[in-house]
Each structure stands twice: as structure tokens, then as C-alpha cells.
Amino acid sequence: MRTSDGVAIDALYEPRRASDESFRDAAAGDGTGAEVAVGGAAAEGVAGARGGAAIVLAHGFTGDLERPHVRRIARSLARHAAVVSFSFRGHGRSGGRSTVGDREVLDLAAAVAWTRRLGHDRVITVGFSMGGSVVLRHAALHRADEPAGAPPGAQPCAAREERDGAPFVGRGVRVPAPTEPGAVERGGRTVADVSAATDAVISVSAPARWYYRGTAPMRRLHWLVTRPEGRVLGRYGFRTRIHHRDWDPVPLSPVEAVPLIAPTPLLIVHGDRDPYFPLDHPRMLAAASAGAADLWLEPGMGHAEHATDAALLSRIADWATAALPR
């Protein structure tokens, strides 16, 4: 799978499964950006899922699709819907370097478009921490129509470039990728292809604003990202290759993105013991929606994937099912 700016993204498709049969946790990880569905009867799962809902899972910073905590989330969600998980640029076996939430929107857009090409007509994006900020920005920027009242810098992303080859599905079964419609020009601006848009958004443990340093974990994260020695630790200690350049321009922040998401259903989930982002972050996001978003403040919950248990994931999946357009 390739993004519109040419970055190869490692991705994994898992059909919905009714039982707890285990899936082989290896993705197509040769660095080529190929996509593979694994597990029993994977090809039949793809064909049988056409027309159904699927979840695209966006992990947090320093995660990747092969990390145990990401695999646990994917397996749990796969009991409710097909799941596409992927590694953001600079993470795991994906190419490129992390921009810590900026150009990662292009990675998510490519994953959503690929999910639709596999036959799923309804797509839910679920993001954690950095991934939670990315799903918010993606929902605001990657729309079929330009949102009314968009602030400067909130242009939808351009249509994706053509991908190399077709994705692999199952054991040796190749599924051709259909030709994508091009971008539509409206008012002299390029509007994103509808195939990259989402039908519902769930953001877990996301920041509301950039450059937050109000907690010790966030001060450590800023050191990791901004200092040369921190980026070396990120590369060799966390398998995360971080870009050395500052944002220029500064991307649309999550709280600026939220007003542009409606009428797409939005759920904001946050723990009241999150050590990274205190409760003013989810409350700020919910307030920016002007009542359009659902806000769950979870008692005793910490941060992101590690703090999200099976019961909460089941509730999240139930919310998504109810929120999806019929």
C-alpha cells in the first residue's frame, strides 16, 4: 500500500471472525508495502465481507501493527467487524519517517481507500493517542465535499496516486485493485476522493492541541522527538524513525478539526487517569463539536491501547454499529 506522497505502508487485513481462532500475527513486512490477509480461509473472508462494515485501526506513537498491544486491540475488534491495521510511516516495517501526526493523515487515507477496495462500503476509523489525533484530522480533511466554513489550511487532501500492483489476500490469492476515480475539481481546489472518507470516527486518548508539555510523559516525548539523541533512541529503542524537521506549516490541530467532522458520527473516549493528557483535552474536543460528538470519560482508565480493555472495545464496537448510516 502506498500513500499519495509515495510512502510504502505495511498493512494487515483480518476478516471478521465469530470465534477466537488465532490469526497469524505476521504482516507483509518485506518493506515493499504489500498487504496480506492472514488466518484461516482469508480469501473467503474477503469475498464474504463485501458490503459490510470494517474498522481501520490507527495506533499510537511508537506502536506498529506487530506490537502485542496493537495486535490485542485488532483481535478484539475483529470479533465485531473486519479490521485493517497498519503501521504509520516511520514505524515498524513501513517506509518513511514519522511526522508525529502531520502527514500520517495520508497513511490513514490510503488504508481507508484500500479497505473500500476490498469491498467494504462502511468504514470506521479508530485511533489511539497520536492515532486518535490523526483520525480526527483525517475525518475533517478527507471528505468527498469541501466542508462549509473551513478555516485556512483546512483543505481536503488531494486524491491518492495510483498504487503499484494489486494487494495480496490470503495464501497466494491476488485480488486486483479496482481503478480509482480521480479527484474532483471544485472552485479551483482539489477535493479528496470519496473512497478515502470515513463513515464514523472514534478517537481514544487523543490530544486536543499541539505542543502540550504539561505532564512528565509529554515532556519526555518532546525530548524524544526534538533532540538528536532522542531520535536515535526512538529509532533503535522503539523501532520509530522520526523526521528531524519541524512542522512547516503547523498542521490543523485536533480541536480545529473537530468542527469540520459533522455530520460524520464522532466518539471521543478518554480515561480520567490518563498520565499524558488530562481531562481538559477531551472536554475541549467535545466542546468544539458543539454537541455533535459523544464523550465517554472512563473511570480508572489510563492512556491509549494499553489501558483499553476488552469490555471497552466491545462498547466502542457497539457504538460504531449503531452510529453507522443504514
Side-chain angles (χ1 to χ4, degrees), residues 1 9-18 20 23 25 27 35-39 42 45-46 48-60 63-67 69-88 104-105 107-136 138-139 142 167 169 195-206 261 264-269 294 296 304-305 308-326:
M1 182 171 74
I9 298 297
D10 200 23
L12 175 68
Y13 176 84
E14 299 178 68
R16 179 180 179 178
R17 52 196 174 99
D20 285 337
F23 279 75
D25 284 338
E35 308 92 356
V36 175
V38 297
V46 171
R50 292 185 182 277
I55 293 169
V56 177
L57 176 60
H59 62 75
D64 64 65
L65 68 80
E66 295 179 319
R67 296 279 191 184
H69 61 280
V70 178
R71 300 302 324 128
R72 178 181 64 83
I73 299 290
R75 286 194 296 267
S76 184
L77 291 175
R79 299 187 183 103
H80 304 272
V83 174
V84 167
S85 49
F86 66 96
S87 298
F88 279 120
E104 282 75 9
V105 170
D107 309 346
L108 180 58
V112 170
W114 182 56
T115 304
R116 292 196 186 278
R117 295 202 306 275
L118 289 176
H120 295 281
D121 58 357
R122 292 173 295 167
V123 177
I124 307 134
T125 51
V126 181
F128 293 83
S129 193
M130 182 189 78
S133 71
V134 172
V135 298
L136 295 174
H138 168 266
H142 247 95
V169 179
S195 69
T198 185
D199 297 295
V201 187
I202 301 166
S203 177
V204 184
S205 302
I261 294 175
T264 303
L266 170 61
L267 172 63
I268 298 163
V269 182
D294 289 339
W296 294 357
E305 296 102 327
T308 304
D309 60 21
L312 177 55
L313 288 170
S314 182
R315 287 168 50 212
I316 286 172
D318 290 342
W319 180 93
T321 301
L324 282 175
R326 301 293 178 180

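Here, residue 1 is the first one in the sequence, and each next residue gets the next number. Values reported hereafter were calculated over all heavy atoms of this structure, with side chains retained and with hydrogens, waters and symmetry mates removed.
The closest donor-acceptor contact from the side chain of His138 to the backbone of Ala196 lies under 3.5 Å. Counting only distance, with no hydrogens or angles, the side chain of Glu305 and the backbone of Phe128 share no donor-acceptor pair below 3.5 Å. A donor-acceptor pair is defined here as one N or O able to donate and one able to accept, closer than 3.5 Å; no such pair exists between the side chain of Asp199 and the backbone of Ile124. Using a distance-only test at 3.5 Å, with no hydrogens or angles considered, a donor-acceptor pair links the side chain of Ser133 to the main chain of Met130. Formation of a donor-acceptor pair under 3.5 Å by the Ser129 side chain with backbone atoms of Gly131 is not found in this model. In this structure, Ser205 contributes its side chain and Ala304 its backbone to a donor-acceptor pair below 3.5 Å.
Note: His59 and Phe86 have tilted aromatic rings, judged against thresholds of 30 and 60 degrees for the angle between ring planes. Between Tyr13 and His120, the two ring planes are tilted [angle within 30° to 60°].
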Under 3.5 Å donor-acceptor pairs involving side-chain atoms of residues 311-318, not counting sequence neighbours:
unit_1	atom_1	unit_2	atom_2	d
Arg315	NH1	Glu298	OE1	3.0
Arg315	NH2	Glu298	OE2	3.0

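Arg72 CZ to Leu77 CG: the interatomic distance, rounded to the nearest 0.5 Å, is 10.0 Å. Between Glu66 atom CD and Asp10 atom CG the span is 6.5 Å, to the nearest 0.5 Å. The distance from atom CG of Leu65 to atom CG of Leu57, rounded to the nearest 0.5 Å, is 9.0 Å.
Nearest heavy atoms, Ala53 versus Ala81: O-CB, 3.9 Å. Heavy-atom minimum distance, Ala206 versus Gly132: CB-C, 3.7 Å. Of all heavy-atom pairs between Ala111 and Val56, the closest is CB-CG1, 3.9 Å. Nearest heavy-atom pair, Leu12 versus Trp114, reported as atom, atom and distance to 0.1 Å: C-CZ3, 4.5 Å. Across all their heavy atoms, Arg116 and Ala197 have their closest contact at NH2-O, 2.7 Å. Smallest separation of non-hydrogen atoms from Arg16 and Arg79: NE-O, 3.5 Å.
With Leu266 as the partner, the side chain to side chain contact (heavy atoms under 4.5 Å, CB included) test is satisfied by one option alone out of Val201, Asp294, Ile202, Val135: Val201.
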Apply the test side chain to side chain contact (heavy atoms under 4.5 Å, CB included) to residues Arg71 and Ser85: give CA-CA distance (whole Å), side-chain angles for both, the deciding distance (0.1 Å), then the verdict.
CA-CA 9 Å; Arg71 300 302 324 128; Ser85 49; 3.4 Å; yes

